[in-house]
Trainee: 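Quick one: the structure is below, and I'll ask about it shortly.
So that the names make sense, note that chain A is the first sequence line, chain B the second, and so on, each numbered from 1. Excluded from the calculations below are hydrogen atoms, water molecules and symmetry mates; all remaining heavy atoms, backbone and side chain alike, are included.
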Amino acid sequence: MEYNHKEIESRWQRYWKENRTYHTEINPDKPKFYVLDMFPYPSGAGLHVGHPLGYIASDIYSRYKRQCGFNVLHPMGYDAYGLPAEQYAIQTGQHPEITTRTNIERYRSQLDKIGFCYDWDREIRTCDPNYYKWTQWAFIKMFGHYYDTARDRAMPVSDLVAHFETNGTRGLTAACSEEMDFTADEWRAMDEKAKSDTLMNYRIAYLGNTMVNWCPELGTVLANDEVSEGVSIRGGYPVEQKLMYQWCLRVSAYAERLLKGLDTLDWTESLKETQRNWIGKSEGAEMIFPIAGSDVKLQIFTTRADTVFGVTFMVLAPESEYVDMVATPDRRQAVSEYIDSIRHKTERERMIDKTVSGVFTGAYAVNPLTGKEIPVWVSDYVLAGYGTGAIMAVPAHDSRDYAFARHFDLPVVPLIEGADVSEQSFDAKSGKMINSCGGGLDLNGMEVKDAIAAAKRFIEEKGIGKVKVNYRLRDAIFSRQRYWGEPFPVYYKNGIPHMMDISELPLLLPEVDKYLPTETGEPPLGRAKNWTNAEGYPIELCTMPGFAGSSAYYLRYMDPANSEALVSKEADEYWRNVDLYIGGTEHATGHLIYSRFWNKFLYDLDVVCEPEPFRKLINQGMIQGRSNFVYRIKDTNTFVSYNLRKDYDVTPIHVDVNIVSNDILDLDAFRAWRPDYADAEFILEDGKYVCGYAVEKMSKSMFNVVNPDDIVDRYGADTLRLYEMFLGPLEQSKPWDTNGIDGVNRFLKKLWGLFYKGDTLLVNDSEPSAESLKSLHKLIKKVTADIEAFSYNTSVAAFMICVNELGSQKCASRQVLSELVTVLAPFAPHIAEELWHVLGHENTVCDAPWPSYNEEYLKESSVKYPVSFNGKVRFNIEVAADTPKEEVEKLALGHETAAKWIEGKTVRKVIVVPGKIVNVVVG
RNA sequence: GCUCGAAUGGUGGAAUGGUAGACACGAAGGACUUAAAAUCCUUUGGCCAUUGCGGCCAUGCGGGUUCGAGUCCCGCUUCGAGCACCA
């Protein structure tokens, strides 16, 4: 019998499906293990070979853990809301739901062919009302809670109201958009609207006037992580800043917990670092600089309180509200002209244009320590959104302040001994302070680090300012002016937003005639008929962003059909959180922050029992495309082979990688590829046309997309799985290169050859030989360690070695082959299942217990020690494996070659590494 | 600019501080074939010696620690990733 992958794979895939082999239930008798893939957005292009990389890795781990006796939860679903389906709907009028469903079916059929062990009974889709009911539910809960900074957790807004009723804002510890100050009487005197507005300042889900990233091309707002370098990540359209009234999530309230939580996670250091950067904690101080001759007190944020004696000017952000408060009448004109010039620039232009610009406000601030008056300027290098939107400028020790000072000829006062500030600023936080004495504070002679602490302490004591921690992490903007997303369960009564009752959920996405904004510029939901609640009040027109549905999906898999709760207490307490999460690094600052935030909120509500959702996280690398080129001689239809191209004037042309094999072009397929090439001529080398290649992103336009279906069809799913793992370390990006796939396929054929010679079954029940046991146990040891370390490429190599060894040993032992198949099962489940049954086993290989290895079998009978003198290898000695160290030493020194080395020298030291090496130091 | 990571044959890549280059691809030679495919065997880092068994040089560059460094430390170079007028 020949190895027939098609027959084997379809048969076992059917078997697994019919027997519900991968169905998972809560089982308190078994330890749980939760392995999760980042669920895909089902795009119209289908899967390419890069997508399954992480899925294969997680599948191997899931199968391994299952064989180790764990109850493994390994689900899959679809992140079904997204822009491409909506864009397609706008162009074609087709409902995004239809497109999405078609794409999901395509994805499913592609995934099924690879033989994953997903429990498809738990499939979820974010656009399914039974799913997004719980997205809406969480939103209502966020609206109903505020963040108590003293208790460090979310608390019901009713508690906040009770506090206002008795104390006003006195003694309030709540995260807010802006500090408020009112008494209980003032609170009680507020009308409904004022109360609603006040509470918005504290709610975790709130409506707020915020600067948003507005993308005119997409007609919607985008979150910070959806924008990069001033353009949208999806589509690459320009993004501008706009003040809009939007739903937001107070993620910033969780900044400290999100930062601290990182220390408890088994994630890569670089990913944690990315999140730390994004959260951007900086500890400093807020200081007050009064404006001379005015009541205005300028509040600034600085991390370098120690440099207060070097402040030679102040700078306000153009958008800062201080600008209007301080600008003197004679400077107003100039100031507003400057601000207008800034406003006309987009965020992108402001970022690219690094020329120094600014304007003097005419006002002077008083240095609270020296009493000196210093000018207040406006410049766009100060950001309105960070700190207080105002800074004290210390040109000697900040490069941006320095550039500004030089441009406008403002004084530079050095504060650190030996710092040369004639050419550039001295930004380093080290050195001894000078010129820093006054107002009762003397920092002279201190190290910068100590000076910062001393200055902070001083200003806090004197009431000049207070110690303050700032975070770069912004609240998440949660409204999208789009159709294809979760509708907000919000209606407006007299302009005041109200949440729907949870019993009214899910609020279904309504039908619309077109997926475009209305003529009056309202979002697409403005087109929906009767878009009101039962009492006739209008419902919110925006929908939720993409990350809404993906923030808690891992919880829903635990209990996907529950109509009473997002997840039952029982399911949550059993499955707890994700033990292993595999996905791309592109979600480092988006999904992985929002999910952690969402989980922490639900943790505060006692809905989930774990403070972190993803215990261990692996980022699989990207699979890049490997494009092939043909070289056409200019103005002809003649193509010249790669190594001969230098002799001609040629144009490289991308050629479909699917008609190229090992960089050799299939000439007939090329002629048939496109009509223009039907009569193409070739200049060959050695009778072949060799193509050039380049590593590029996998995309249709480069003709380098490789569809996993084609690989499965030709070589089988097991070969695809093994090959993707063999390609290199999981976490590394690498180009897809089919050149080595034959080697993996050859391995499977050799494995098959251990079982069958022609139609004869070779397997017997003879006693396994010592050497076959050694080969096997070496394999078990290696593969077990490799799976735990996610070093799958080396385990595939170990299989190849083992099969080669067993082949040359003519091993046919049922016992040895059974264990071989058992450990192969996670990697190549189809052939493993087939051979498992060939070996006469009745159950499925998925439940075959993972074998342990026996050190006894691994012992060498003799060990070869390379003996080296002063690090140079000179000769080998061979001794019995259990020879004691001292004996080895004696034998080494007694060797005749050793005698020559030792002659006339002293043996200083002899180092024996057991089983490995003898090192002799002579001198 | 700051932070993190990487650099090993023709290629992808192996190496708890202990004989660098596992395994695979590719290449060369051979066997079986009328022939091809498939399969199997041998060689394959470089240089020298190849009727001998061997020798020398090699893990981006320069130092250091060590009996011994691809691996640890210091300083560079290059590439990749993240953040970036964040005060």
Trainee: Looking at A:E321, I want to see if its CD is surrounded by more than 12 non-hydrogen atoms of other residues, nucleotides or ligands under 6.0 Å.
Mentor: no
Trainee: Distance to the ring centre below 6.0 angstrom and angle to the axis at most 45 degrees; does that hold for A:R276 and A:W267?
Mentor: no
Trainee: Closer than 4.0 Å, any side-chain N/O of A:R474 to the OP1 or OP2 of B:C86?
Mentor: no
Trainee: With heavy atoms under 4.0 Å as the rule, sort A:E269 into base, sugar-phosphate or nothing.
Mentor: nothing
Trainee: Taking the six-membered ring for Trp, are A:Y756 and A:Y3 ring centroids under 6.0 Å apart?
Mentor: no
Trainee: Any side-chain to backbone donor/acceptor pair from A:T760 onto A:L762? Under 3.5 Å, distance only.
Mentor: no
Trainee: If only side-chain N and O atoms of A:Y381 are considered, is one of them under 4.0 Å from the OP1 or OP2 phosphate oxygen of B:A87?
Mentor: no
Trainee: Any side-chain N or O of A:N804 under 4.0 Å from OP1/OP2 of B:A24?
Mentor: yes
Trainee: Strictly below 4.0 Å: does A:R908 bring a side-chain N or O up to OP1 or OP2 of B:C67?
Mentor: no
Trainee: Over all strands shown, is A:I801 touching base, sugar-phosphate only, or nothing at heavy-atom distances under 4.0 angstrom?
Mentor: sugar-phosphate
Trainee: For A:R276, report the nucleic acid contact type (base, sugar-phosphate, nothing); a contact means any heavy atom under 4.0 Å.
Mentor: nothing
Trainee: Within less than 4.0 Å of OP1 or OP2 of B:A84, is there a side-chain N or O belonging to A:R472?
Mentor: yes
Trainee: Pick base, sugar-phosphate or nothing for A:K750, based on heavy-atom distances below 4.0 Å to the nucleic acid.
Mentor: sugar-phosphate
Trainee: With 3.5 Å as the limit, what N/O pairs link the protein to nucleotides 12-14 of chain B?
Mentor:
{"unit_1": "B:G12", "atom_1": "O2'", "unit_2": "A:L727", "atom_2": "O", "d": "2.7"}
{"unit_1": "B:G13", "atom_1": "OP1", "unit_2": "A:Q732", "atom_2": "NE2", "d": "2.5"}
{"unit_1": "B:G13", "atom_1": "O3'", "unit_2": "A:N793", "atom_2": "ND2", "d": "3.3"}
{"unit_1": "B:A14", "atom_1": "OP1", "unit_2": "A:N793", "atom_2": "ND2", "d": "3.1"}

Trainee: Compute the ring centroids of A:Y338 and A:W377, then answer whether they are less than 6.0 Å apart.
Mentor: no
Trainee: Taking CD in A:E788 as the centre, count heavy atoms belonging to other residues, nucleotides or ligands within less than 6.0 Å. Is the count above 12?
Mentor: yes
